[in-house]
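Proteins get letters first, then strands, A, B, ... in listed order; numbering begins at 1 in each. Nothing here was measured: the structure is a model prediction, and the numbers come from that model. Computed over heavy atoms, backbone and side chain alike; hydrogens, waters and symmetry mates excluded.
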Number of protein chains: 2
Amino acid sequence: MNEVRRQTRGRAATPRAGRPRQAEVARLAGVSQTTVSLVLGGKADGVAISVETRQKVLGAAERLGYVPDPAASRLAAARNNLLGVFSFTSTFPTDVQHSYYPFLVGVEQEAASQGFDLVLFTGSSTGGARAGAHALNRARLADGCLVLGRHAPTEELRRLVDDGFPVVHLGRRDDPDGLAWVGADYVNAAREVVTNLVALGHREIVLICEDDPVPASTDRERGFHEGLVAAGVPTGPERVHRCADPERDLTPARLREWLASGVTAIVVEETDTSGAWRALNAAVAEAGLDCPRELSLALLGSPPPDDDGPVPTGFDIPRARLGAAAVRALAALVGGGRPDEPLVECAFRPGATVAAPPGGIPAAVLR
Amino acid sequence: MNEVRRQTRGRAATPRAGRPRQAEVARLAGVSQTTVSLVLGGKADGVAISVETRQKVLGAAERLGYVPDPAASRLAAARNNLLGVFSFTSTFPTDVQHSYYPFLVGVEQEAASQGFDLVLFTGSSTGGARAGAHALNRARLADGCLVLGRHAPTEELRRLVDDGFPVVHLGRRDDPDGLAWVGADYVNAAREVVTNLVALGHREIVLICEDDPVPASTDRERGFHEGLVAAGVPTGPERVHRCADPERDLTPARLREWLASGVTAIVVEETDTSGAWRALNAAVAEAGLDCPRELSLALLGSPPPDDDGPVPTGFDIPRARLGAAAVRALAALVGGGRPDEPLVECAFRPGATVAAPPGGIPAAVLR
DNA sequence: TCTCGATACTAATACGCATTAGTGGTGCGC
DNA sequence: GCGCACCACTAATGCGTATTAGTATCGAGA
């Protein structure tokens with residue numbers, strides 16, 4: 001018998017059956033819906049509400065167990081305290097090896113403390129049925145949106161930004177457009193690692209990158225060169241070894257070649273898969289080289305979780321802090337403000353894979 | 001100069017500035033908003049639309065880059081393809097050790113493949129500012145909601161369910177109410193482990209539980225007893241050791257006591273923290289016991305990721321599959337259907353921590 | 001007494017989309 | 001040649017909340 005309620009015409013039955021609206025509260029309290037909205041909205045500005053009325057409304061709302069409909073609020077007020085998260089890598093990859101999970105730790109905490117909930121837009125990576133041209137537009141459900149992943153579709157992003165929709169990209173961007181981003185300071189971090197190597201006496205240092213010239217990679221390269229230049233060591237593109245397929249490329253033979261030509265340290269970029277780092281370690285082992293003693297290795301990032309070798313010298317990417325910073329930036333945009341400093345520092349990680357070069361300090365240093 | 005548009009009165013500026021509405025599309029296509037809705041909604045039922053009109057609308061929508069406002073859709077149609085996820089453990093615990101992460105892997109994949117996005121309601125656990133009496137009500141933004149965590153607030157859940165809001169709890173529930181759930185079949189899994197022990201010749205077996213009588217725990221206990229009963233081994237509550245503080249409780253002394261009384265195998269429940277399993281292993285090591293040979297250990301669940309001992313005999317909880325199953329159940333509810341089988345099988349995991357009891361097969365077996 | 005200014009509310013409306021009840025027009029059968 | 005079904009589409013309205021303009025009441029000052 002209580003099924004009939006709130007069916008206007010033949011309208012499809014709504015699932016939100018018995019939930020009270022502001023109108024019901026208003027009726028019970030003997031006031032208007034406006035008043036209910038005013039009282040429950042907690043707006044002190046403009047209109048005045050007497051204490052008794054306020055009590056009546058609150059009492060009625062309590063008795064009916066009123067809760068606001070977020071969709072309606074959003075529609076009316078253009079705010080719903082939701083932040084979208086779009087990841088162009090599976091958000092929860094089955095291969096947990098190297099996922100965006102650590103970012104999300106920070107994202108969730110910061111979002112919670114700022115009073116936002118998160119909308120995880122699924123299927124952004126899987127390229128499934130939803131990956132249409134307007135996949136990103138789902139973001140508009142939220143008040144703003146976080147984008148992670150190296151290969152976010154630039155066009156669509158620009159569209160959002162142009163429409164004034166708050167977007168923050170997690171990871172530095174080069175685009176000229178005004179897309180806000182938050183990223184790790186790879187330049188300084190890489191420089192610090194190189195400076196460290198030089199201080200130990202290394203002069204012939206090689207940088208290995210995977211072949212994907214995104215900012216995360218080029219920044220490291222820049223820091224690498226800067227570190228050498230600052231130390232007065234000549235450098236140039238010939239020091240950088242960019243390889244598309246580390247497995248195939250980083251062979252024991254190549255290592256010996258480098259050693260023969262005087263190389264004493266190798267610096268490796270960290271990537272999603274840690275492909276280069278793995279391959280390099282395998283090659284070192286296969287070549288029977290003693291890592292810290294005969295050859296120093298540094299990793300510009302974190303080792304993969306299944307790495308069971310000694311702690312690699314390098315730096316740690318503060319992923320949780322990056323996530324939090326991104327949320328702060330986004331919250332600022334949503335609130336109509338300007339985000340502040342987009343770069344987050346990486347902490348240098350002393351490790352056991354770097355030592356003074358074999359044969360002591362080279363002559364060059366002593367001159 | 002294009003700032004002025006769509007400001008009705010002094011209304012607060014909406015952030016969704018230049019985004020076109022169906023009305024704009026309609027104007028460009030020379031049709032009514034209704035037609036646009038009909039065409040873009042892809043509804044084939046009832047009204048018919050000519051091919052040309054359809055093309056005009058689609059063309060206009062394309063040119064303007066129209067995308068629907070999810071909030072408005074939701075308000076009008078009571079659907080938005082959003083599933084809420086409420087976790088009463090931190091959704092992204094900083095301590096990745098033993099989190100809900102594996103569930104989310106399955107949840108995300110299944111949600112994506114069913115065309116749902118996810119709303120992660122934050123702060124459900126942290127007890128922060130949002131943890132008010134109506135925290136769960138935020139869920140109503142979505143079409144339905146997944147709840148994980150042992151200690152979800154029953155009252156609020158019931159309220160949601162009573163209102164006809166689709167809710168699925170991840171983990172078995174005992175409540176008499178109609179709350180839907182999806183859970184692992186711990187009873188059968190535990191029974192299988194025990195059966196295995198008995199088959200090897202064990203008769204005196206102890207079960208260790210942490211002190212939290214939730215279904216996940218009591219089901220394992222039931223399976224434990226059932227396994228013994230099925231094998232004709234007498235059992236009873238005295239076989240179960242429930243301890244609130246495993247660290248303090250599971251001492252080498254206690255182990256020796258058990259051994260002295262004839263115990264040859266210990267079965268341990270897995271919990272969030274793996275506290276009992278860790279404590280037990282520590283005690284075994286401290287007591288200088290040889291694990292498979294002098295004492296068999298079985299773990300009813302997965303070992304913590306940092307466990308570096310031998311693979312414990314026991315069973316694996318198919319967390320990803322559970323997550324997926326939960327989403328399927330929720331999708332069914334949202335679609336107005338009935339969820340199917342709520343129990344998901346656990347796979348027996350042969351390990352290296354169980355062997356035949358010392359001293360060979362006891363006399364009792366040979367009689 | 002009449003105005004002025006608070007005070008305490010309410011009426012009306014917008015938000016963007018989905019839905020249903022029409023509304024003309026055309027073709028067909030009898 | 002009249003009714004009737006059918007087609008292609010539109011007008012009107014609702015979803016639940018927020019906002020703004022406006023109304024009624026009352027006390028104080030002129």
Side-chain angles (χ1 to χ4, degrees), chain A residues 5-17 19-27 29-57 61 64 66-80 140-141, chain B residues 5-17 19-27 29-57 61 66-80 137 140-141:
Chain A
R5 39 162 47 216
R6 21 194 23 278
Q7 296 282 345
T8 321
R9 273 168 297 182
R11 193 186 187 78
T14 98
R16 20 181 155 112
R19 196 155 65 96
R21 325 282 122 129
Q22 288 189 347
E24 268 94 301
V25 177
R27 214 168 301 144
V31 299
S32 72
Q33 177 263 322
T34 302
T35 304
V36 174
S37 174
L38 254 23
V39 169
L40 298 181
K43 301 283 180 184
D45 60 289
V47 267
I49 304 283
S50 73
V51 180
E52 315 153 40
T53 302
R54 179 180 302 278
Q55 293 306 341
K56 275 192 300 185
V57 170
L64 292 179
Y66 168 82
V67 283
D69 180 332
S73 315
R74 159 75 165 142
L75 187 56
R79 277 296 284 276
N80 62 5
R140 306 203 195 239
L141 167 69
Chain B
R5 38 163 46 218
R6 29 193 17 281
Q7 296 282 345
T8 320
R9 272 168 299 183
R11 193 185 188 79
T14 99
R16 22 180 154 111
R19 195 152 67 93
R21 322 287 126 117
Q22 289 189 346
E24 269 93 304
V25 176
R27 213 168 302 144
V31 299
S32 72
Q33 178 262 320
T34 303
T35 304
V36 174
S37 175
L38 254 21
V39 170
L40 299 181
K43 301 283 182 184
D45 60 290
V47 264
I49 304 283
S50 72
V51 180
E52 315 152 40
T53 303
R54 179 181 303 278
Q55 292 307 340
K56 275 193 300 186
V57 170
Y66 169 81
V67 283
D69 179 331
S73 314
R74 164 69 156 136
L75 188 55
R79 274 296 285 278
N80 61 7
N137 279 316
R140 302 198 196 248
L141 167 70

Separation of [N] [atom2] from [X] [atom1] (nearest whole Å):
X      : N       : atom1 : atom2 : value
Q33(A) : dA18(D) : CD    : C1'   : 8 Å
L75(A) : dC15(C) : CG    : C1'   : 4 Å
D69(B) : dA14(C) : CG    : P     : 17 Å

For nucleotides 7-9 of chain C, print each protein N/O atom paired with a nucleotide N/O atom at under 3.5 Å, atom names and distance only.
{"from": "dC9(C)", "atom 1": "OP1", "to": "S50(A)", "atom 2": "OG", "distance (Å)": "3.0"}
{"from": "dC9(C)", "atom 1": "OP1", "to": "T53(A)", "atom 2": "OG1", "distance (Å)": "2.4"}
{"from": "dC9(C)", "atom 1": "OP2", "to": "S50(A)", "atom 2": "N", "distance (Å)": "2.6"}
{"from": "dC9(C)", "atom 1": "OP2", "to": "S50(A)", "atom 2": "OG", "distance (Å)": "2.9"}
{"from": "dC9(C)", "atom 1": "OP2", "to": "T53(A)", "atom 2": "OG1", "distance (Å)": "3.0"}
{"from": "dC9(C)", "atom 1": "O5'", "to": "T53(A)", "atom 2": "OG1", "distance (Å)": "3.3"}

Rounded to the nearest 0.5 Å, what's the gap from [atom1] on [X] to [atom2] on [Y]? Could you check?
X      : Y      : atom1 : atom2 : value
L38(B) : I49(B) : CG    : CD1   : 4.5 Å
D69(A) : R74(B) : CG    : CZ    : 6.0 Å
Q22(B) : R27(B) : CD    : CZ    : 12.5 Å

Item checked: Closest non-hydrogen atom pair, T53(A) against V31(A) ->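 Looking at all heavy atoms of both residues, the shortest contact is CG2-CG1, 3.9 Å.
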
Check: Looking at A72(A) and L75(B), what are the two nearest heavy atoms and their distance?
Finding: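 Scanning both residues completely, I find the closest heavy atoms to be CB-CD1, 3.8 Å.
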
Note to self: Nearest heavy atom decides the nucleotide; on that basis, is T34(B) or A72(B) closer to the 5' end of DNA chain C?
What the structure shows: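 Its nearest nucleotide lies further toward 5', so the answer is A72(B).
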
Note to self: I want to check one thing: is the phosphate of dA18(D), taken as OP1 and OP2, less than 4.0 Å away from some side-chain N or O of Q22(A)?
What the structure shows: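 For dA18(D), OP1 or OP2 has a side-chain N or O of Q22(A) closer than 4.0 Å.
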
Item checked: Distance-only polar pair, side chains of S32(B) and T35(B), donor-acceptor under 3.5 Å ->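 Their side chains do contain a donor-acceptor pair, which is all the 3.5 Å distance test asks for.
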
